[in-house]
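Indexing begins at 1, ligand by ligand and atom by atom, following the structure's order.
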Amino acid sequence: MLDLRAQYESIAPEIRAAIDEVLTAQQFVLGPQCAAFEEEVAQACGTGYAIGVASGTDALELTLHACGVSAGDEVIAPAFTFIATGSAVTALGARPVFADIEPATFNLDPLRLEMHITPRTRAIVAVHLFGLAADMDPILALAAKHGIPVIEDNAQSMGAGYHGRKTGSMGRAGCLSFYPSKNLGAYGDAGMVVTNDEKLATRLRALRNHGQTGRYLSTERGWNSRLDELQAAILRVKLRHLADWTAARQAHAHRYNSLLRDLPGITLPRVPDGREHVYYLYTISVSGRAPGRLAGGAAGKDPGGATRSDIVQQRLADRGIVSVVYYPVPLHLQPLYASLGGKPGDLRISERAAREVLSIPLYPELTPSQIERVAQAVRDSVRD
Ligand SMILES: Cc1ncc(COP(=O)(O)O)c(C=O)c1O
């Protein structure tokens with residue numbers, strides 16, 4: 001799915017020089033690299049402030065806390081996302097309330113949001129999944145009507161555009177992950193919060209460092225969630241390449257689009273007008289009946305429970321092509337959240353997405369012949 005070694009080899013001298021600089025300075029936590037990286041990310045995201053933290057999960061947890069979420073509160077989030085979106089809520093003792101998504105974008109459906117708002121709703125987390133912005137205008141309008149902050153989970157979509165704005169800059173705050181596989185990936189864990197709210201930024205700076213507002217002076221309970229200098233220095237090098245890497249991802253996605261169009265039962269990623277997709281993942285949907293020998297079960301399922309997407313995935317594997325289902329179990333059906341009472345059928349679009357999605361390899365260093373090989377394997381694998 002990813003060739004981090006190829007990326008490293010293309011920038012190794014710059015990375016080694018950056019690491020050397022930190023080793024020479026011997027300052028490892030919250031130093032000049034972190035401060036410079038925060039400024040550069042704020043500028044890249046179009047926000048006034050950025051606060052480096054230890055991971056994307058921490059970025060979400062600290063931000064939710066700083067926005068007033070605490071035990072017993074409810075936070076609305078999409079069911080179709082990575083588990084961390086939910087864990088950040090439960091870590092605060094709050095209750096995630098899962099909402100359904102739009103089939104075309106896999107992001108929160110603004111039309112299915114309002115029914116989840118109660119007097120206990122303290123925040124909405126809008127996830128920009130797979131590299132594509134959620135439909136923020138109606139989400140922000142609804143949240144404003146109810147006086148609820150919107151927090152953007154921008155772990156997967158740094159640099160994506162929505163009607164001229166960047167993801168992460170539209171809500172109260174945006175939370176970034178620099179997990180190694182992300183479009184901007186560290187060599188370890190790292191994350192950041194971006195915001196235009198100065199007071200929130202000041203609070204987050206204290207929260208990430210034991211609630212300290214002065215030298216050895218803590219005014220509230222905080223976390224140890226700091227971005228270290230080695231990661232910041234590495235990420236600064238990589239940030240300089242991000243625009244080129246994103247352009248390569250987009251070019252590869254367009255190539256897949258033309259090589260895979262018109263396949264029966266296959267839906268390619270769709271990009272609504274006014275949005276710029278950064279293709280963290282290239283995710284197709286495989287719908288329709290199970291092929292050939294497996295037909296006869298419920299729509300899209302063979303009697304043994306395999307979906308058509310499972311079958312395509314197996315056929316791709318037989319041809320030496322990796323594909324991954326992000327994500328096979330929506331959050332309302334995760335065993336972790338059984339106590340919240342979610343049942344199959346509650347959020348049908350999320351459940352259908354979980355059955356149908358398949359992500360195929362897409363990263364900047366893919367070569368044209370690799371793309372053609374993957375596309376040919378997909379074409380062969382979807383034949384009944
Ligand atoms: C949608 C989403 N939210 C949150 C996270 C958490 O980020 P991290 O792994 O840096 O804690 C991730 C990624 O891992 C993610 O994909």
- [ ] Return each pair, listed once, that meets ring-ring contact (aromatic ring centres under 6.0 Å, His included) where at least one residue sits in residues 106-139; pairs must be two or more places apart or across chains.
- [x] Phe80-Phe106, Phe106-Phe130
- [ ] List every atom of ligand 1 that sits less than 4.0 Å from any heavy atom of Thr81, numbering the atoms from 1 in the order shown and giving each element.
- [x] 1 (C)
Open item on the list: Here's one to test your reading of the geometry: is the NZ or CZ of Arg221 within 45 degrees of the ring axis of Trp223 and under 6.0 Å from its centre?
Closed with: yes
- [ ] Starting at CG of Leu176, measure out to CE of Met192 and round the result to the nearest 0.5 Å.
- [x] 7.5 Å
TODO: Determine whether Arg203 and His65 make a side-chain contact, defined as any pair of heavy atoms from C-beta on separated by less than 4.5 Å.
DONE: yes
TODO: For ligand 1, find out whether one of its N or O atoms is nearer than 3.5 Å to an N or O atom of Asp58.
DONE: no
Open item on the list: Out of all atoms in ligand 1, which are within 4.0 Å of some heavy atom of Ala84? Include the element for each.
Closed with: 4 (C), 5 (C), 6 (C)
Task: Leu60-ligand 1 polar pair, N/O distance under 3.5 Å - done: no
- [ ] Please confirm whether Asp189 comes within less than 3.5 Å of ligand 1 when only nitrogen or oxygen atoms on both sides are compared.
- [x] no
TODO: Please write down residue, atom name and distance for the protein heavy atom closest to atom 1 (C) of ligand 1.
DONE: Asp153 OD2, 3.5 Å
Task: ligand 1 N/O within reach of Tyr179 N/O, cut-off under 3.5 Å - done: no
Task: Pairwise side-chain contact, Glu351 with Pro344, heavy-atom cut-off 4.5 Å (strictly under) - done: yes
Open item on the list: Heavy-atom distances under 4.0 Å decide this one: backbone, side chain, both or neither, for Thr57 against ligand 1?
Closed with: both
TODO: Do me a favour and list the nearest non-hydrogen protein atom to atom 14 (O) of ligand 1 with residue, atom name and distance?
DONE: Lys182 NZ, 3.1 Å
Open item on the list: Which option wins on minimum heavy-atom distance to atom 16 (O) of ligand 1: Gln156, His128, Met192?
Closed with: Gln156
Task: Arg172: partners by side-chain contact (heavy atoms from CB on, under 4.5 Å), with sequence neighbours left out - done: Cys67, Pro149, Asp197, Leu200
Task: Residue, atom name and distance, where the atom is the protein heavy atom closest to atom 15 (C) of ligand 1 - done: Ala155 CB, 3.5 Å
Open item on the list: Quick check: Tyr280 with Tyr363 (ring centres under 6.0 Å apart)?
Closed with: no
Task: Flag side-chain contact, heavy atom, 4.5 Å: Asp109 against Asp100 - done: no
